[in-house]
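Below: one structure, written as structure tokens.
Atoms considered below: every heavy atom in the structure, side chains included; atoms not considered: hydrogens, waters and symmetry mates. Numbers here are sequence positions counted from 1.
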Amino acid sequence: MDSKQLTIVHECTHFIDTFGSVDYNNTYGQFLSKRLAQSEPKMAIQNADNISWYILCVD
């Protein structure tokens, strides 16, 4: 996956009219996003990287 795509989608999720997402500490990248989703699912649905990985990886 192209990191530029992930960066653009990540930053766009911060816009209030899209998702209004936040960046939680230590949740960047696929591994840490997955760990957040498993341990704190309510936080994960608001986290920019989790949303970005979902958008780019789900068919």
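- Using a 3.5 Å distance cut-off with no hydrogens or angles, the side chains of Tyr24 and Asp49 do not pair a donor with an acceptor.
- Within a 6.0 Å radius of CG in Asn25, no more than 12 heavy atoms belonging to other residues, nucleotides or ligands are found.
- Without hydrogens or angle criteria, Ser33 side chain to Thr27 main chain gives a donor-acceptor distance under 3.5 Å.
- For the pair Asn50 and Met43, the minimum side-chain heavy-atom distance is 4.5 Å or more.
- Placement of Ile45 and Tyr54 in two distinct hydrophobic clusters is found when ILVMFWY residues are connected by side-chain heavy-atom separations under 4.5 Å, directly or transitively.
- Summarising the geometry of Ala48 relative to His10, their closest heavy-atom pair is CB-CE1, 3.3 Å, with the distance given to 0.1 Å.
- Side-chain N or O atoms of His14 include none that pairs as donor or acceptor with a backbone N or O of Gly20 at under 3.5 Å.
- Side-chain contact check for Lys34 versus Trp53: every heavy-atom pair is 4.5 Å or farther apart.
- Scanning all heavy atoms of the two residues, the minimum distance from Ala44 to Leu36 falls at CA-CD2, 3.9 Å.
- To the nearest 0.5 Å, atom OG of residue Ser52 and atom CD of residue Glu11 are 8.5 Å apart.
- Contact check for Ile55 versus Phe19: side-chain heavy atoms found under the 4.5 Å cut-off.
- Criterion: ILVMFWY side-chain heavy atoms under 4.5 Å apart, direct or through other members. Under it, Leu56 and Ile51 are part of a common hydrophobic cluster.
- Without hydrogens or angle criteria, Ser21 side chain to Thr13 main chain gives a donor-acceptor distance under 3.5 Å.
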